[in-house]
Amino acid sequence: MMQGTLYIVSAPSGAGKSSLIQALLKTQPLYDTQVAVSHTTRSMRPGEAHGEHYYFVDQAQFLNMIENDEFLEHACVFGNYYGTSRKVIDDVLRSGVDIFLDIDWQGAQQIRDRMPSARSIFILPPSKDELYRRLRGRGQDSDEVIKKRMAQAVAEIEHFNEYDYVIVNDDFNTALADLQSIIRSERLRLERQVQRHDALISKLLAD
């Protein structure tokens with residue numbers, strides 16, 4: 001069975017990371033590409049489903065999973081725990097499916113330490129002005145919150161050089177094409193082509 005690839009995708013808020021991932025998934029069959037579903041202790045929100053948006057667990061269960069070293073990465077954010085299950089990722093990868101993990105640079109560092117074979121992609125905005133315009137355009141946050149998000153964006157961007165690939169999301173369609181090109185090139189790597197075409201290669205090399 002061909003092994004899938006784990007893709008870590010990071011970006012500052014407003015750079016378009018989630019939109020790019022969702023657009024990519026619409027161009028890929030489910031048996032080829034999925035988005036990782038994380039565990040969390042926060043309450044389920046209206047419209048969310050267990051196993052689709054998150055695996056919702058209580059704090060005791062989450063802490064027990066930490067104790068048993070079941071997470072590739074985990075963090076506590078505003079009193080709620082979030083984590084990426086090693087078993088969930090491994091099961092998907094073993095089925096030959098590529099999986100995308102939307103995560104910040106700190107989580108990315110943890111995963112790269114535990115899974116060096118993962119590929120990492122950082123999404124950059126074309127400018128600070130455009131990032132600010134996008135955050136304002138959401139109409140969800142106050143000026144104070146946007147100011148904090150802009151400061152946090154700079155802190156995120158400082159880690160872009162830790163990633164394998166960098167995409168500047170100026171024009172959305174171009175950025176999506178860049179993301180598709182990364183996936184395509186990774187699938188053409190020697191080890192994946194050998195896995196995919198083992199029988200063909202054996203026949204071509206036979207006397």
Contacts of H39 that satisfy side chain to side chain contact (heavy atoms under 4.5 Å, CB included) - sequence neighbours left out: Y55, V57, F62, M65, F71, S85, V88

Side chain to side chain contact (heavy atoms under 4.5 Å, CB included) partners for S38, two or more places apart: Y54, T84, L101

L24 vs T27, side-chain contact (heavy atoms from CB on, under 4.5 Å): CA-CA, chis, key distance, verdict: CA-CA 5 Å; L24 175 73; T27 70; 4.0 Å; yes

Any pair counted as ring-ring contact (aromatic ring centres under 6.0 Å, His included), so long as it reaches residues 178-207, sequence neighbours left out: none

All pairs passing ring-ring contact (aromatic ring centres under 6.0 Å, His included) where residues 83-106 contributes a residue, at least two apart: Y7-F100, W105-H159

First locate atom [atom1] of [X], then atom [atom2] of [Y], and finally report the distance between them rounded to the nearest 0.5 Å.
X: T40; Y: H50; atom1: OG1; atom2: NE2; answer: 11.5 Å
X: L72; Y: Q110; atom1: CG; atom2: CD; answer: 9.5 Å
X: Q180; Y: N173; atom1: CD; atom2: CG; answer: 9.5 Å
X: Q152; Y: D104; atom1: CD; atom2: CG; answer: 8.5 Å
X: I99; Y: D90; atom1: CD1; atom2: CG; answer: 10.0 Å
X: E73; Y: I8; atom1: CD; atom2: CD1; answer: 9.0 Å

Honestly curious: do [X] and [Y] fall in one hydrophobic cluster under the side-chain, below-4.5 Å linking rule?
X: V9; Y: F172; result: yes
X: M44; Y: Y82; result: yes
X: L190; Y: I201; result: yes

Exceeds 12 heavy-atom contacts within 6.0 angstrom, atom CD of E191: yes

Neighbour count >12 (heavy atoms, 6.0 Å) for atom OH, Y165: yes

Is [Y] close to [X] at the side-chain level, that is, under 4.5 Å between some pair of heavy atoms?
X: V37; Y: H53; answer: no
X: L93; Y: T5; answer: no
X: I103; Y: I111; answer: yes
X: R86; Y: R114; answer: yes
X: L179; Y: I167; answer: yes
X: M150; Y: V145; answer: no
X: L6; Y: S117; answer: no
X: V35; Y: I21; answer: yes

Main-chain N/O of [Y] paired to [X] side chain as donor or acceptor, under 3.5 Å:
X: S95; Y: V92; answer: yes
X: N68; Y: N64; answer: yes
X: N169; Y: A15; answer: yes
X: E48; Y: R45; answer: yes

Using the test side-chain hydrogen bond (donor to acceptor under 3.5 Å, both in side chains), find all partners of [X] that sit at least two apart in sequence or belong to another chain.
X: D143; answer: R136
X: S127; answer: none
X: D102; answer: K17, S18
X: Y81; answer: none

Locate the shortest heavy-atom distance separating [X] from [Y]; write the atom from each residue and the value.
X: M2; Y: R196; result: CE-NH2, 3.4 Å
X: L176; Y: L20; result: N-CD2, 3.7 Å
X: A36; Y: I89; result: CB-CD1, 3.8 Å
X: S10; Y: Y163; result: OG-OH, 2.7 Å
X: I182; Y: I121; result: CG2-CD1, 4.1 Å
X: I123; Y: A11; result: O-CB, 3.3 Å

Who are the salt bridge (Lys or Arg N to Asp or Glu O under 4.0 Å) partners of [X], not counting sequence neighbours?
X: E130; answer: R133, R134
X: D98; answer: R187, R192
X: E186; answer: R119, R189
X: K87; answer: D91

Worked verdict on E162 versus Q109 for side-chain hydrogen bond (donor to acceptor under 3.5 Å, both in side chains): CA-CA 8 Å; E162 299 171 8; Q109 285 183 340; 3.1 Å; yes

Intermediate values then yes/no, side-chain contact (heavy atoms from CB on, under 4.5 Å), V77 and R42: CA-CA 10 Å; V77 182; R42 78 159 172 77; over 6 Å; no

